[in-house]
**Student:** 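Please see the structure below; I have some questions.
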Amino acid sequence: MCGIVGGIVDSNIVPTLLQGLLRLEYRGYDSCGLSISGESGLRRLRSISRVKDLAENARDLKSRSGLAHVRWASHGRPTIANAHPHFSPTAGEPLISVVHNGIIENYIELRARLIASGVSFASETDTEVIAHLVADLYRGDLLSAVREAIASMRGSFAIAVMSSRDPDRVVGARAGSPLLVGRAAGKSGYLVASDVLALAGVAGEAAYLEEGDVFAFSRDDVFILSAEGKAVERHWFAVSSSVSTPELGPFQHFMQKEIFEQPNALADTIDGVQADLVTAQRGEWDFGDVDSVLLLACGTSFHAAKIAAQWIETHCGIVANAEIASEYKYRVSVPGPNRLVVTVSQSGETIDTLTALRHAKRLGMTRSIAICNVGTSALVRESDRHLLTRAGLEVGVASTKAFTCQLAALFALTLAIGRAQGRLSEEMERDHLTQLQGLPDKVSAALALEPTIISWAQALQRREHVLFLGRGIHYAVAMEGALKMKEVSYIHADAYPAGELKHGPLALVTPEVPIVATAPNDELFEKLYSNLQEVRARRGFVYLLVDSDLSLESDDDLRILPVPLQRGPLAAILHTIPLQLLAYHIACLRQTDVDKPRNLAKSLTVE
Ligand code: G6P
């Protein structure tokens, strides 16, 4: 995780580096930094504040070449010493500057070897070993030094390196983390970045490096070597000349804006996915012989996958399991040749999900569908098929509209599988689709509950622990509510299936530890309501989301919020909306950094 941008151009590169960092901030914002080369060698500026702060201090910097980085801390705290670029040597004139995404897994061993040979370290990072390794191997040829250094590194990384002795050269490599090179637009020069976003408007065209590639460029020339050391050409594509800067409009935060964008995002997703499925089924998509479904995802996307697994078992009559991607790839599992692998990801770049997909493929499960919000992402590229959600750009680190759009896409996919399996009649499918199409209006009605949610937020803002309860698919809704609460308000929140409460978590219930429960008016309602009576009997305070056709009154220890009525599977989407708003408004009251919560990042490309 982290972001890289750098290059050599024929004008001042510093504004390009800073603009690139601003666009990459979603990949990490624990610290940021840049190094430039000039007549007096390599210079560096780093900050543990945001890129805006770095930009303030970089106003007088000028150079035609440099490297820059935003960091999501993995090895070592977010301090200035740990911020990139890393230099070698640490004392005197620096020879080498390095920026790095990913993790060097054998860095402890490499660090010990370097220390034994007299190298002193200035940081706690794994990255610093790269700088010292390259410096140690440098004999006047940066490319050779980098290639030799890489040979002793294990892990997943993308790096870019400069040397003070050869300021007109950048060398870099990709091994597990994305990296691309770009040709400067309309002038001479080359650029490197970990995300094409950083190159929009500054590069005319760009090429993604492939696994194991090493590149070197000067102002006038670029060449790429494959993992086998052969000179290769990669596919160059045109880079968009601008990036639309997301506007907040009347909203205070992007998270709030994105919560309120859900009716439109859902309508777009439902239309798009339905059309895609119709075309796909006329073509070669056939779910008739699928005998089970494996859903792989992380974070919020995992909660969507968990809900979908239950939908698929209910409506398609085949086994469906949702697995946390980072766990799945390391456990011994039984593959199924007719199993459909469904990956779910907003960004399509989450390395855990990507590597879980690769693992499933290695096990022989070649039929895969990515449910993703980014059509150009690695997950989409590596999947057999894809269904795109049309949530639009999601800026808030805590995912909201992407989640509900994933659910809409997964529901449409469930119906397609159910039909192909002969479990859903045409009439049943049509009925479900009508419900799905009516969802955006109901979500708008759920958003109108905001004033009540604000009053709940005021009551809950000083609590340090909250328990979330649900049953059936609403257990996963409760998990998503708890995750949102943790992410943006920093309140410790856990979710339980309501029936599990008495098996342990009930011990936590006091007047200081409130319960938030999601309880649609379904066959489990009475069971869940009994579980809540057990809470109230122990002086616990309950905040309860119910369907609007239930006539329940609030009480001293019970607050009721009727949610617009949506019978059946899609109630999960409607009950999610108040939980998103609750986390958001508590975060505002607690004055947290809502759109960039501490320690988190929007897209995690390290394991
Ligand atoms: C990060 C984000 C979460 C997100 C998760 C999975 O942890 O902070 O909001 O749910 O990654 O991301 P994906 O892009 O794969 O859905």
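The first residue in the sequence is number 1, and the count goes up from there. Read the numbers this way: they start at 1 and go in the same order the structure lists the ligands and their atoms.
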**Student:** List every atom of ligand 1 that sits less than 4.0 Å from any heavy atom of Leu604, numbering the atoms from 1 in the order shown and giving each element.
**Tutor:** 1 (C), 7 (O)

**Student:** Can you confirm if the aromatic rings of Tyr208 and Phe237 lie within a centre distance of less than 6.0 Å?
**Tutor:** yes

**Student:** For atom 14 (O) of ligand 1, which protein heavy atom lies nearest, and how many Å away is it?
**Tutor:** Ser347 OG, 2.6 Å

**Student:** Measure the distances from the heavy atoms of Glu487 to every atom of ligand 1 and state whether one is below 4.0 angstrom.
**Tutor:** yes

**Student:** Please work out whether any backbone atom (N, CA, C, O) or any side-chain heavy atom from C-beta onward of Ala297 is under 4.0 Å from ligand 1, and answer side chain, backbone, both or neither.
**Tutor:** neither

**Student:** Which ligand 1 atoms does Val397 reach within 4.0 Å, using its non-hydrogen atoms?
**Tutor:** 8 (O), 9 (O)

**Student:** Carefully, step by step, assess Glu210 and Arg174 under the rule salt bridge (charged side-chain N to carboxylate O under 4.0 Å, His left out).
**Tutor:** CA-CA 7 Å; Glu210 291 188 8; Arg174 173 195 171 147; over 6 Å; no

**Student:** Among all protein non-hydrogen atoms, which one is nearest to atom 5 (C) of ligand 1, and what is the separation to 0.1 Å?
**Tutor:** Cys298 O, 4.1 Å

**Student:** Quick one, Ser333 and Tyr328 - any side-chain contact, counting heavy atoms below 4.5 Å?
**Tutor:** yes

**Student:** Between His84 and His69, what is the ring plane arrangement, given parallel below 30°, perpendicular above 60°, and tilted in between?
**Tutor:** parallel

**Student:** So which heavy atom in the protein is nearest atom 8 (O) of ligand 1, and how far is it from that ligand atom?
**Tutor:** Ala601 O, 2.8 Å

**Student:** Can you pull out the closest protein heavy atom to atom 16 (O) of ligand 1? Residue, atom name and distance to 0.1 Å, please.
**Tutor:** Ser301 OG, 2.6 Å

**Student:** Counting distance only, does the side-chain N/O of Arg385 pair as donor-acceptor with the main-chain N or O of Ala370 below 3.5 Å?
**Tutor:** no

**Student:** If the cut-off is 4.0 Å to any non-hydrogen atom of Lys602, which atoms of ligand 1 fall inside it?
**Tutor:** 1 (C), 2 (C)

**Student:** Below 3.5 angstrom, do we get any N/O pair linking Gln406 and ligand 1?
**Tutor:** no

**Student:** Taking the six-membered ring for Trp, are the ring centroids of His359 and Tyr330 within less than 6.0 Å of each other?
**Tutor:** no

**Student:** Output the list of atoms in ligand 1 that are nearer than 4.0 Å to some heavy atom of Thr300, sorted by atom number.
**Tutor:** 10 (O)

**Student:** Rounded to the nearest 0.5 Å, how far does CG of Leu433 lie from CD of Gln274?
**Tutor:** 4.5 Å

**Student:** Starting from atom 12 (O) of ligand 1, locate the nearest protein heavy atom and write down its residue, its atom name and how far away it is, to 0.1 Å.
**Tutor:** Thr350 OG1, 3.3 Å

**Student:** Do Leu67 and Ile4 have side chains that approach each other closer than 4.5 Å (heavy atoms only, starting at C-beta)?
**Tutor:** no

